[in-house]
Each structure stands twice: as C-alpha cells, then as structure tokens.
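Take a look at the structure set out below.
A, B, ... follow the sequence lines: proteins, then strands. Residue 1 opens every chain. Just so it is clear, the values below take in all heavy atoms, side chains as well, and ignore hydrogens, waters and symmetry mates.
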Amino acid sequence: MMSTTDIRTIAIAAVAIGVCALLPLVDQGYWLSIGVSIAMFTVLATSWALFSGPTHYISLATAAFFGIGTYVTGSFYESVSFWLLLPAAAIVGGLLAGIVGLATLRLSGVYFVIFTLGLAELVRQVITWAQNMTGHRGTYVLLDFGSRSVEEVIYWTLLGLAAIVYLAGWLIGRSRLGFALRIIGDDEEVARHSGINTARAKVLLFMVPGAVAAATGAALAPRYVYIEPALAFTPLLSFQVVIMALLGGAGRLWGPLVGVIPFTLLWEVISATFPNQTTLLLGAAFLVIVYVLPRGFVGLLERARARAGGGA
Amino acid sequence: MSILSLRNVTKRFGGLVAVNDFGFEVEEHMVLGLIGPNGSGKSTTLNLISGALPLTDGQIMLEGRPISGLPPQDIARLGVARTFQLVRLLPSMTVLENVIAGAVFGHRRRWGPEARAKAEAMLDKVGLSGKGGLRVGQLTYIDTKRVELARVLAGDPKVLLLDEWLAGLNPTELQTGIRLIRALRDEGRTIILVEHVMDAIRSLSDRCVVMASGARIAEGTPKEVLEHPDVIRAYLGDDDA
Ligand SMILES: Nc1ncnc2c1ncn2[C@@H]1O[C@H](COP(=O)(O)OP(=O)(O)OP(=O)(O)O)[C@@H](O)[C@H]1O
Ligand SMILES: [Mg+2]
C-alpha cells in the first residue's frame with residue numbers, strides 16, 4: 001500500500017529527474033560534462049550507500065565493478081547492442097559481487113575494506129595480463145548514436161540508472177531485506193539471534209552496488225573512446241564514491257546526492273587549478289569529513305532540525 | 001518427550017573447560033532454573049543452546065531434533081529465543097521497531113500491520129504501553145530489559161532463555177520483574193531461567209539445575225537443591241548466595 005506522502009515523494013522525484021533531463025537542450029559543452037559527472041557519482045554513491053549505509057561496511061570495490069562494466073562494453077559493442085550491454089554488465093557485476101560477498105562478508109570490517117581494495121587491483125592485473133596475451137594495450141570504444149551526441153546519450157542513460165537506483169533503494173527500504181540490514185548494522189549478534197540469515201542478507205544487498213557500478217561503467221565506456229586498465233580500474237574512483245557518500249550521509253537514500261553535487265563542482269575547480277595535487281586534496285577531504293562530519297551533511301541537518309524542534 | 005534436551009554437552013575455551021559433560025531435560029510448559037556461582041558456565045550453556053558458540057562435544061535437541069551445530073538464526077527460527085546477560089538493543093531504532101524486529105524475523109514470522117500489532121501487544125504485556133515511540137537511549141534500565149524481553153516474545157518462541165533477566169534491578173523493580181516472569185510462566189511458556197536471585201528461583205522455577213565449574217552438581221525442586229550440601233558448599237563464601 002502507498003500513502004499520500006509516498007505518492008508525493010515519487011512525483012517529486014519524477015519531476016526532478018524530468019527537469020534534469022532537459023540539461024542537454026540547454027548546454028552541450030561544459031555543463032553537460034559536469035552533468036554527466038554528477039549523474040555518474042550520484043548513481044555510484046547512492047547505490048554504494050544502499051549497502052554501506054546500514055551495514056557500515058566500507059567497500060572500495062566500486063572501481064572493480066565499474067572497470068568490468070567498461071570492458072563489457074569495450075569488448076562487445078561491435079556485435080551486441082549498447083542497450084543490451086548495460087543489463088549484461090549489471091548481471092556480471094552483480095554475480096561478481098555475490099561471489100566476493102560470499103567470500104568476504106563473514107570477515108570483520110577491516111578485512112573487508114582491504115579485500116575490496118585489492119579486488120580492483122586484482123581484476124585490473126588479470127585484464128592487463130589478458131590484453132598482453134593478445135597483444136593489445138587497450139580497446140577502442142567508438143560508438144555513434146546518430147543525431148544524438150555520445151555525451152547526451154550517456155547523460156540520459158545515467159539519469160535512467162539514477163531513477164532505477166532510487167526506486168530500488170526506496171523499495172528495499174520498505175522490504176524485510178532493508179529492515180534486516182538495519183538490524184544487522186545495529187547489532188549483528190541480535191540480528192542472528194532474532195532469526196536473520198545475516199550472511200545471505202549482506203550478500204544479496206552487496207550485489208546491488210556491484211550491479212549498478214558495472215552498468216555505470218558500461219554506460220560510460222563510449223565517453224572514454226579508448227579504455228585501458230589503468231583508466232577503467234582507477235582506485236581513485238572508489239575513494240571518490242566513498243567520500244561523496246559519507247560527505248552527504250549514507251544513512252538516507254537522498255544523502256549521497258547532497259555530497260555528490262558540491263564535491264563534483266569542487267573537484268572540477270581543484271583538478272583545473274591544482275592538477276598535480278588532486279590525490280593530496282582528496283586525502284585531506286577524507287580526513288576532514290571523517291573528523292568533522294561523521295554523519296555527513298544529512299547528520300548535520302538532522303541535528304539542526306532536532307535542536308530547532310527541541311527549542312520550539 | 002522433553003522439548004529441549006542437552007546431553008553430554010562440553011565446551012572448552014583452550015585449556016579451560018567451561019561446560020563439562022553437562023546435560024538436562026526441559027519439559028514443555030516448565031520453568032527450569034539454572035543456577036550456580038559466578039563463572040560456573042551458565043551463560044556459556046545458554047550460548048551453546050542458542051548457537052552463539054559451537055559445542056566442543058555432546059548434543060542438544062529441540063523436540064527430538066538435533067540443533068547443535070546449526071547457526072543461531074536457524075535455532076531462533078526453530079523456536080529458541082534468548083535475552084543477553086548484558087542487554088542488547090538496536091540503538092538506532094525506536095522501542096517499537098526493536099520489538100517489531102522480533103516479530104518479523106522470529107520463530108513465527110509476520111510483516112506489516114500484523115507485525116506491528118504483535119509488537120504493540122508485546123509492549124503491553126511487558127508493561128511498556130505507550131512507550132513504543134521512544135528511542136532506546138531514553139529508557140530506564142528496567143525498561144531496556146523489558147524491550148529485550150518483548151523482542152524475544154514477539155516471535156512466539158517455543159523455548160525462552162533468560163540470562164539473569166532480573167540482575168541489576170532495585171528491590172521494587174525486582175518485584176515487578178518477578179511478577180512479569182510469573183505471568184509468562186502462567187501462560188504456559190517454557191523457560192530456562194538463569195538467575196542469582198534465589199527468591200526468584202524459589203518462587204518461579206518448577207525444577208532447578210545447579211552448576212559448578214561447568215558440571216551439574218544437583219538437580220530437583222528448588223527446595224531440594226537449595227538444601228543440598230554440595231550446593232551449599234559450592235556457594236559458601238560466594239557473595240551472591
Ligand atoms: N568466549 C569465551 N572465551 C573464553 N572463556 C570464556 C568465554 N566465555 C566464557 N568463558 C569462561 O567460561 C567460564 C564460564 O563463564 P560463564 O559466562 O558461562 O559463567 P556464568 O555462570 O554465566 O557466570 P556469571 O554468573 O558470572 O554470569 C568462565 O571462566 C569464563 O571466563
Ligand atoms: Mg552469565
């Protein structure tokens with residue numbers, strides 16, 4: 001059953017996405033490219049938070065799934081429709097996440113972080129090795145969408161993905177699985193003793209960001225034109241996603257978006273002004289967020305609202 | 001047939017034998033008091049029953065079916081629910097959500113309005129009517145214990161394991177707590193009651209098993225075991241006796 005607030009929320013979200021979809025009609029240059037970045041990080045950070053928000057597991061595997069997605073497109077775009085490659089990449093990413101989850105989600109948080117970071121590196125090495133065997137260094141992705149520019153098609157694709165992620169997140173939040181994850185995040189021992197199969201719940205939910213990141217990679221591949229492992233599997237991406245999601249707040253569905261927009265804009269300025277210090281500044285941003293805003297902008301807002309409510 | 005039986009149960013932690021060739025039977029609708037000095041292995045026994053810890057040796061059966069070796073979530077689904085010696089609540093959730101957690105995932109599973117109604121009924125039962133909207137951080141100590149009890153009751157378990165549920169209560173609260181557990185007993189629930197409060201053991205349990213150093217040293221009615229010379233010796237010098 002849906003309440004009137006549910007219907008209003010869905011309507012507002014649909015209108016917001018509809019308005020965002022008009023961007024390519026306004027600008028095809030700088031702002032569209034910023035729009036692609038924001039849409040990409042919104043999809044990645046929001047799906048990341050679906051799993052990491054309730055469980056508090058920090059996954060640095062985004063680059064692994066993303067890179068695999070770009071290679072799905074890069075390897076098959078000449079024989080298979082681009083539109084079929086997106087769900088195909090999602091399936092591959094989801095399955096890989098399932099396997100990784102089965103292997104690692106029994107581990108404690110620290111081992112999980114290290115493992116996911118290592119995963120991206122491992123997959124990158126495997127693909128580099130496979131390419132060396134065939135004598136290639138990278139792959140060209142030359143896609144043409146007729147009268148539409150590649151950039152605007154990617155942008156609309158990412159908006160569609162964002163809509164799917166928000167809908168999935170909203171449905172999960174109302175499901176037994178979502179409730180189980182919140183209980184697990186609060187106290188795994190209580191969860192187990194209440195009858196929750198914690199391993200299965202975590203693996204199932206970990207497959208969501210895996211599938212979404214792979215689909216995102218598949219969608220973005222044509223933008224890069226030439227993909228090589230160092231680009232597709234850059235660990236920087238994993239860190240950016242974590243920072244943006246935490247900056248916004250991983251505890252709410254819309255939280256990561258609040259971090260993505262300012263961070264992407266700031267990042268544009270930083271990488272234009274200090275191209276050689278980006279990693280350093282990213283590290284500094286990470287420290288600041290963890291120390292100053294442990295619950296992100298959302299936590300800040302909610303605390304402010306609670307204070308205002310308490311005073312009234 | 002007994003609903004729960006432990007046979008030759010042993011648990012070792014490295015060189016320490018916390019539970020040593022121990023066992024007992026619990027009949028349906030029975031309140032079994034499990035007592036013994038500090039460190040005698042009572043909580044460890046509950047941990048073995050609930051699946052929190054694996055057995056080193058022996059067997060535990062629920063309704064004739066072995067449950068030792070199963071993970072805690074399977075044991076909980078089969079109908080064994082427990083509280084913890086140190087209360088464990090879900091800190092990010094309201095009182096009502098804490099109890100709904102038990103109703104949604106316990107032995108008997110419910111969802112939506114049905115789970116909510118069950119949780120509200122359990123809050124009424126433990127004396128927390130109207131407090132469902134509170135955060136768990138706002139509760140008094142006895143109320144946190146009530147929430148935990150309501151959570152385990154919400155799944156309609158067949159066997160209830162209460163690990164020192166009455167510990168830490170002041171004298172007035174203790175009377176309230178004893179009345180609450182007596183009400184559960186009068187409903188015909190099957191309960192294993194680990195307690196140091198001898199008044200509670202005397203007035204609530206049908207049978208009593210006494211542990212010392214992981215082994216059973218006496219079993220019988222509360223009156224019988226509390227007069228047993230070995231039990232008096234085990235407790236001698238123990239402040240809790
Ligand atoms: N996880 C563990 N690892 C190692 N030793 C443990 C563990 N759990 C319990 N023990 C040891 O096993 C023995 C029995 O402990 P247990 O907690 O079962 O006692 P208890 O009867 O519940 O005591 P109390 O009345 O103080 O709660 C103690 O010596 C304790 O130190
Ligand atoms: Mg104990």
(request) Check whether any side-chain heavy atom of Ile58(A) lies under 4.5 Å from a side-chain heavy atom of Trp48(A), and answer yes or no. (result) yes
(message) What part of Ala101(B) gets within 4.5 angstrom of chain A, counting heavy atoms only: side chain, backbone, both, or neither?
(response) both
(request) Under 4.5 Å heavy-atom distance to chain A, tell me which part of Glu97(B) shows up: side chain, backbone, both or neither. (result) both
(message) Closer than 4.0 angstrom, basic N to acidic O: yes or no for Lys131(B) and Asp124(B)?
(response) no
(message) Under 3.5 Å, is there a donor on one side chain and an acceptor on the other for Asp163(B) and Thr83(B)?
(response) no
(request) Answer yes or no: is there an ion pair linking Arg7(B) with Glu25(B), defined by an N-O contact shorter than 4.0 Å? (result) yes
(message) Less than 4.5 Å to any heavy atom of chain B: does that hold for the side chain of Ala191(A), its backbone, both, or neither?
(response) neither
(message) Among Gly106(B), Ala76(B), Pro72(B), which residue has the highest count of heavy-atom pairs closer than 4.5 Å to chain A?
(response) Pro72(B)
(request) Grab the two heavy atoms, one from Leu161(B) and one from Val80(B), that are nearest each other, plus how far apart they are. (result) CD1-CG1, 3.7 Å
(request) Measure Arg88(B) against the heavy atoms of chain A and call it side chain, backbone, both or neither at under 4.5 Å. (result) both
(message) Minimum heavy-atom separation for Phe51(A) and Lys202(A), please, with both atom names.
(response) CE1-O, 3.5 Å
(message) What part of Ala52(B) gets within 4.5 angstrom of chain A, counting heavy atoms only: side chain, backbone, both, or neither?
(response) both
(message) Between Leu78(B) and chain A, with a heavy-atom cut-off of 4.5 Å, which part of the residue counts as in contact: side chain, backbone, both or neither?
(response) neither
